[in-house]
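Along the sequence shown, residues carry numbers from 1.
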Amino acid sequence: MSAPTDTTGDAPRTSGTPRSRAKGTAGNASTVRPSPALDLWRRVSDSPLSFLLPFLLVYGLFLVWPLLSGLWMSFTDIALNGAGGSLVGPANYAEALGDPMVWRTLGNTVMFTVITTVPLVVVALAMAVLVHTGMPGQWLWRLSFFLPFLLPVATVALVWNFLYIEDFGLFNQALRAFGAEGLGWLTDDGVALWSVALTTVWWTVGFNFLLYLAALQSIPDHLYEAAALDGAGAWARLRYVTVPQLRDITVVVVLLQILASLKVFDQIYLMTGGGPGDSTRSLLLYIYDVGFTGYRFGYSAAVSYLFLAIVLLVAVVQLWLTTRRKA
């Protein structure tokens, strides 16, 4: 006969062990608290600011700080080698406003902007319309129109400098073949700026072409069908359907092109160096020469901020006109 099992003695022992452990765990949890730094980090990482912080750091380091540093520099006479640096107040700005070279290079820049913006808008629109109408081999035309925009400016300048050579350049050879005299494309005061403008149009028209082509593909087909039912021909559909539908993208293209042309530097620096004389010298090239050749960092900073004010003014006026037209 087996002995009876005593469960009453074991029950308090087995039930008491978890209770004591839970009590000890609760006591430890009540005494362990996160540090203030860890608590702050958790609150920051859970807030929307944590997503903006990397961008704000990069934005402040590479845009805000250089702008503020350059603005302070424009009120000093600091040189490229670090000499000077004393505060001169608005003297640099007063000198810039009275500098005839500032006004001459600004005139060259405005002239370049005018003679490049118009063809870069009109030619890009014509190219986009031709491709959109269904020309054979569309992929080849799209590639041919956009490919020059992908080339680096050094390559573009090198190729076009060879085309512009007076003795055996392709352009002068073509002129002589028709009985005309060759031109000094980059050596004649009255032709050099137009030559750089022609190169710029060939090089950058592909970007505007791409914008117009995307906008053309978004125009509803029923507008063209309705115009065709009313007896409108190809030119009438272009004038009364296509052009009005492209009004918004045209405003964007014009604004982007004006701002890009005002900031011209690379192709002029590589093709003419601002010559002959100062006929192709842009304002940005003058700022570069004053700062890195004349070693006058403070004065070049003042001229650059005056130029920045002009660019911002053009952008604000353009946006105001656009808003007023829509209203």
Side-chain angles (χ1 to χ4, degrees), residues 101 104-131 133 135-210 212-213 253 257-258 260-286 288-289:
M101 187 54 66
R104 180 171 183 179
T105 54
L106 179 61
N108 292 338
T109 305
V110 172
M111 181 65 180
F112 178 85
T113 302
V114 172
I115 63 179
T116 56
T117 299
V118 175
L120 279 171
V121 174
V122 176
V123 174
L125 176 59
M127 291 163 54
V129 170
L130 288 175
V131 172
T133 53
M135 295 175 58
Q138 284 197 20
W139 68 270
L140 179 61
W141 291 108
R142 296 186 186 193
L143 178 65
S144 302
F145 291 157
F146 185 70
L147 187 60
F149 182 73
L150 302 178
L151 298 176
V153 63
T155 303
V156 174
L158 181 63
V159 171
W160 280 80
N161 275 345
F162 276 109
L163 297 176
Y164 286 143
I165 293 177
E166 294 186 38
D167 296 332
F168 54 87
L170 180 63
F171 290 160
N172 278 347
Q173 288 187 5
L175 290 176
R176 296 188 183 102
F178 288 97
E181 296 183 359
L183 297 176
W185 297 94
L186 299 178
T187 58
D188 190 341
D189 294 355
V191 181
L193 189 63
W194 291 86
S195 301
V196 178
L198 176 62
T199 303
T200 303
V201 171
W202 176 87
W203 176 36
T204 60
V205 71
F207 179 74
N208 296 341
F209 154 75
L210 198 64
Y212 272 124
L213 185 61
V253 169
Q257 193 54 59
I258 290 176
S261 297
L262 285 175
K263 297 183 294 182
V264 61
F265 174 82
D266 299 344
Q267 56 268 44
I268 290 180
Y269 178 77
L270 293 173
M271 297 181 68
T272 64
D278 294 313
S279 60
T280 62
R281 199 178 192 185
S282 65
L283 186 56
L284 281 184
L285 185 57
Y286 178 63
Y288 170 82
D289 290 337

- Message: Set out, in order, the CA-CA distance, both residues' side-chain angles and the distance that settles side-chain hydrogen bond (donor to acceptor under 3.5 Å, both in side chains) for Thr117 and Gln257, then state yes or no.
- Response: CA-CA 6 Å; Thr117 299; Gln257 193 54 59; 5.2 Å; no
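Under the side-chain contact (heavy atoms from CB on, under 4.5 Å) criterion, Leu125 pairs with Val129, Tyr212, Leu246, sequence neighbours left out.
Ring pair Phe149/Trp202: centre-to-centre distance not below 6.0 Å. In this structure, Tyr164 has its ring center closer than 6.0 angstrom to the ring center of Phe171.
Between Trp141 and Phe145, the two ring planes are tilted [angle within 30° to 60°].
Screening residues 153-180 for salt bridge (Lys or Arg N to Asp or Glu O under 4.0 Å), with sequence neighbours left out, gives no hits. Residue pairs meeting the salt bridge (Lys or Arg N to Asp or Glu O under 4.0 Å) criterion with at least one member in residues 266-281, sequence neighbours excluded: Asp278-Arg281, Arg281-Asp289.
Pairing each heavy atom of Leu283 with each of Thr105, the nearest pair is CD1-OG1, 3.3 Å. Shortest non-hydrogen contact noted between Asn172 and Ile165 is ND2-O, 3.7 Å.
Proximity of a side-chain donor or acceptor of Ser279 to a complementary backbone N or O of Pro276 within less than 3.5 Å is detected. Checked by atom type and distance alone, the side chain of Trp203 pairs as donor or acceptor with a backbone atom of Leu151 at under 3.5 Å. For the pair Thr280 (side chain) and Thr272 (backbone), a donor-acceptor distance under 3.5 Å is absent.
Rounding to the nearest 0.5 angstrom, the gap separating the CG atom in Leu270 from the CH2 atom in Trp160 is 15.5 Å.
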